[in-house]
**Q** 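One structure, as structure tokens, below. Some questions next.
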Amino acid sequence: ETGVTQSPTHLIKTRGQQVTLRCSSQSGHNTVSWYQQALGQGPQFIFQYYREEENGRGNFPPRFSGLQFPNYSSELNVNALELDDSALYLCASSGRVRDSPLHFGNGTRLTVT
Amino acid sequence: TQLLEQSPQFLSIQEGENLTVYCNSSSVFSSLQWYRQEPGEGPVLLVTVVTGGEVKKLKRLTFQFGDARKDSSLHITAAQPGDTGLYLCAGHPLGGGADGLTFGKGTHLIIQP
């Protein structure tokens with residue numbers, strides 16, 4: 001069974017730039033969600049994708065957007081980066097049922113300077 | 001306002017001691033999940049508690065869900081250095097809109113040899 005993989009592992013960007021983060025979900029999982037984890041905090045829900053459509057979104061501005069592909073892999077795009085966007089970005093895959101456990105990747109550490 | 005409050009925020013104890021960490025809310029949750037996160041990795045699911053008053057055991061770890069489904073606790077017996085990590089509770093509040101999990105800020109646990 002292949003787990004959730006994320007790329008890149010680390011990234012440094014400048015304020016105002018755009019970034020794309022990638023995630024391959026665990027085999028058999030059709031739902032992907034993205035979380036932002038600031039230093040010393042718990043993860044915060046960004047959005048969730050199911051069957052290539054966004055079907056849930058947390059309190060994040062529209063400059064955070066995503067895609068899910070037919071093979072269930074996913075991308076997170078962030079435009080107009082701000083310093084506060086510096087965080088660990090976690091991708092998680094799961095089954096469709098609401099309380100299904102999440103299987104997380106090891107995240108992408110984004111630093112915005 | 002944090003929907004899930006975890007306490008203590010930090011805990012450092014000696015190997016062999018017992019400890020309890022707490023996850024509290026004023027909201028009712030359909031279920032609560034506990035995750036452990038180690039540095040440089042994503043959270044890993046430990047257990048899901050679903051029924052009010054439920055107690056689940058995972059080797060030296062005992063998880064309890066409050067009768068009113070607003071709180072949960074994790075008790076570790078004879079802690080070992082391998083228990084070191086960030087312990088996160090998470091769940092979906094009843095009536096919550098977004099599909100994503102709500103996480104607490106976590107308890108940073110250090111077990112010293």
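Source: prediction; values computed, not measured. In what follows, every chain begins at residue 1, and chains take the letters A, B, ... in the order their sequences are listed.
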**Q** State the CZ-CZ distance between F103(B) and F45(A), to the nearest 0.5 angstrom.
**A**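 Rounded to the nearest 0.5 Å, the CZ-CZ separation comes to 11.0 Å.
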**Q** With only heavy atoms counted, which part of Q37(B) is less than 4.5 Å from chain A, the side chain, the backbone, both or neither?
**A** side chain
**Q** For T31(A), give me all partners under side-chain contact (heavy atoms from CB on, under 4.5 Å), at least two apart in sequence or on another chain.
**A**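 With neighbours one apart ignored, the set is Q48(A), Y50(A), S94(A), R96(A).
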**Q** Which residues in residues 106-113 of chain A have a heavy atom less than 4.5 Å from any heavy atom of chain B?
**A** N106(A)
**Q** With clusters defined by side-chain heavy atoms of hydrophobic residues (ILVMFWY) lying less than 4.5 Å apart, directly or transitively, does F104(A) cluster with V32(A)?
**A** no
**Q** Could you go through residues 41-56 of chain B and list every donor-acceptor pair under 3.5 Å that involves a side-chain atom there, pairing it with any protein atom two or more places apart or in another chain?
**A**
| residue | atom | partner | partner atom | Å |
| --- | --- | --- | --- | --- |
| E54(B) | OE1 | V50(B) | N | 2.7 |
| E54(B) | OE1 | T51(B) | N | 2.9 |
| K56(B) | NZ | T48(B) | O | 2.8 |

**Q** If Ile, Leu, Val, Met, Phe, Trp and Tyr residues are connected whenever their side-chain heavy atoms lie under 4.5 Å apart, and connections chain through other members, are Y89(A) and L67(A) in the same group?
**A**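 No.
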**Q** Would you give the length of the straight line joining atom CD of Q37(A) to atom NZ of K105(B), rounded to the nearest 0.5 angstrom?
**A**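 If we round to the nearest 0.5 Å, Q37(A):CD and K105(B):NZ are 12.5 Å apart.
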**Q** Out of curiosity, does I111(B) fall in the hydrophobic cluster containing Y22(B) (side-chain heavy atoms, cut-off under 4.5 Å, transitive links)?
**A**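 Result: no, two separate clusters.
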**Q** With respect to chain A, which residue among G106(B), S31(B), G91(B) yields the maximal number of heavy-atom pairs within a distance under 4.5 Å?
**A** S31(B)
**Q** When clusters are formed by joining ILVMFWY residues with side-chain heavy atoms under 4.5 Å apart, either directly or through shared neighbours, do V21(B) and L4(B) land in the same one?
**A** yes
**Q** Heavy-atom count around R63(A) CZ within 6.0 Å, excluding the residue itself: above 12?
**A**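 Yes, CZ of R63(A) has more than 12 neighbouring heavy atoms, counting only those of other groups under 6.0 Å.
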**Q** Between L88(A), L90(A), L102(A), who has the most heavy-atom pairs with chain B when the cutoff is under 4.5 Å?
**A**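 Answer, by heavy-atom pair count under 4.5 Å with chain B: L102(A).
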**Q** Quick check on the hydrophobic clustering: are F60(A) and L3(B) connected, directly or via other members, by side-chain heavy-atom contacts under 4.5 Å?
**A**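 No: no chain of side-chain contacts under 4.5 Å links F60(A) to L3(B).
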**Q** Taking only heavy atoms into account, what residues of residues 62-88 of chain B are found under 4.5 Å from chain A?
**A** L86(B), L88(B)
**Q** Count the heavy atoms of every other residue, nucleotide or ligand shown that sit under 6.0 Å from CG of L39(A), and state whether that count exceeds 12.
**A** no
**Q** When you look at CD of Q6(A), are more than 12 heavy atoms from neighbouring residues, nucleotides or ligands closer to it than 6.0 Å?
**A** yes
**Q** Does R51(A) CZ have over 12 foreign heavy atoms under 6.0 Å away?
**A** no
**Q** With chain B as the partner, which of S33(A), G105(A), A92(A), P43(A) has the greatest number of non-hydrogen pairs under 4.5 Å?
**A**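 It is P43(A).
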**Q** Hey, is CG on N59(A) packed in by over 12 heavy atoms from elsewhere, all under 6.0 Å?
**A** no
**Q** Could you tell me whether a side-chain N or O of Y35(A) sits under 3.5 Å from a main-chain N or O of G100(B), the two making a donor and an acceptor?
**A** no
**Q** Would you find more than 12 non-hydrogen atoms of other residues, nucleotides or ligands less than 6.0 Å from Y72(A) atom OH?
**A** no
